[in-house]
2 protein chains.
Amino acid sequence: MSHPAQRLDDVVHQRVRLGILAILAEAQRADFTYLRDTLELTDGNLARHLRVLDEAGYVSLDKTFEGGRPRTWVSVTRSGLVAFEEEVSALQDLLARVQQMGQETGVD
Amino acid sequence: MSHPAQRLDDVVHQRVRLGILAILAEAQRADFTYLRDTLELTDGNLARHLRVLDEAGYVSLDKTFEGGRPRTWVSVTRSGLVAFEEEVSALQDLLARVQQMGQETGVD
């Protein structure tokens, strides 16, 4: 009776946080402004989701000054990468079931 | 600057609702008890998510009596299927980016 959707974890699956982790999995680290602009978020919304990821231990934040201006770097942690890989695996299983269904019924 | 995560819609992407729609995309319709047991939800939690999907026009609910007992059938609507296919497409693009990254760096 188990369904791949049961393996999805809200901390990682939530739309904005999934986007943040996908970018960090590609880039290792990104600055606050890049994440905000790429995902088209407000400062407050991005900060809120980074806090959730930080509290889960999935990202680390590094507040620097560069050229006299504050710059926050965001990196994915080892456990963040593991959690993201588990999410990717669950999504792949979910999509595989749907695609299999599409082949069986001729719908895609 | 566009990222596939921006194409994810909370109505469909939310973990429980994604599971409901994935099952309905496979089965066309399912009864309340089957969804509840397959996704390991409480009655109240499933009812809450079905209400969100119903208000979006993505599922229809049919309350019947069978053998003197109430039974609620849940079906996915045409627009629910379209929304689910858009979600699947966005997830496929997101996973393709991550997998491409894995091939480039040797990490998987």
Side-chain angles (χ1 to χ4, degrees), chain A residues 1-28 30 33-41 45-46 49 76 78 81-105 107-108, chain B residues 1-28 30 33-41 45-46 49 76 78 81-105 107-108:
Chain A
M1 294 291 264
S2 172
H3 191 277
Q6 284 181 248
R7 286 157 48 208
L8 301 173
D9 170 4
D10 281 332
V11 174
V12 177
H13 181 72
Q14 193 280 337
R15 184 176 61 83
V16 172
R17 294 193 289 269
L18 184 61
I20 293 170
L21 289 174
I23 290 171
L24 295 176
E26 285 185 65
Q28 308 305 314
T33 307
Y34 178 83
L35 291 173
R36 182 195 65 199
D37 294 346
T38 303
L39 296 170
E40 293 186 6
L41 303 170
N45 197 8
L46 176 55
H49 288 294
V76 63
R78 184 63 218 158
L81 270 185
V82 169
F84 180 69
E85 283 164 9
E86 285 170 0
E87 163 82 11
V88 166
S89 166
L91 289 176
Q92 284 170 333
D93 290 351
L94 190 142
L95 293 180
R97 282 179 69 136
V98 174
Q99 278 150 6
Q100 189 181 15
M101 172 274 300
Q103 282 163 5
E104 284 166 5
T105 62
V107 175
D108 66 5
Chain B
M1 294 290 265
S2 171
H3 191 276
Q6 284 180 247
R7 288 157 47 207
L8 302 172
D9 170 5
D10 280 334
V11 174
V12 177
H13 181 73
Q14 194 279 338
R15 184 175 62 81
V16 172
R17 295 193 290 269
L18 184 61
I20 293 169
L21 288 174
I23 290 170
L24 294 177
E26 285 185 67
Q28 308 305 316
T33 306
Y34 178 83
L35 291 173
R36 182 195 66 197
D37 293 346
T38 303
L39 296 170
E40 293 187 6
L41 302 170
N45 197 9
L46 175 56
H49 288 294
V76 63
R78 184 66 216 155
L81 269 185
V82 169
F84 180 69
E85 282 164 9
E86 285 170 359
E87 163 83 11
V88 166
S89 166
L91 289 176
Q92 284 170 333
D93 289 352
L94 190 144
L95 293 180
R97 283 178 69 137
V98 174
Q99 279 150 5
Q100 189 181 16
M101 171 275 299
Q103 282 163 5
E104 283 166 6
T105 62
V107 175
D108 67 6

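Nothing here was measured: the structure is a model prediction, and the numbers come from that model.
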Colleague: May I have the step-by-step check of side-chain contact (heavy atoms from CB on, under 4.5 Å) for Leu95(B) and Leu95(A), ending in yes or no?
Modeller: CA-CA 10 Å; Leu95(B) 293 180; Leu95(A) 293 180; 3.7 Å; yes

Colleague: Identify the heavy atoms of Gly19(B) and Ala5(A) that sit nearest to each other, and give their distance.
Modeller: CA-CB, 3.5 Å

Colleague: Hey, does the side chain of His3(B) reach the backbone of Glu40(A) with a donor-acceptor pair shorter than 3.5 angstrom?
Modeller: no

Colleague: Please give me the minimum heavy-atom distance between Gln6(A) and Leu39(B), naming the atom from each residue.
Modeller: CG-O, 3.9 Å

Colleague: Tell me the closest heavy-atom pair linking Asp9(B) and Arg15(A), and the distance in Å.
Modeller: N-CD, 4.1 Å

Colleague: State the CG-CD distance between Leu94(A) and Glu87(B), to the nearest 0.5 angstrom.
Modeller: 9.0 Å

Colleague: Find the one option among Asp10(B), Leu18(B), Ile20(B) whose heavy-atom pairs under 4.5 Å with chain A are most numerous.
Modeller: Asp10(B)

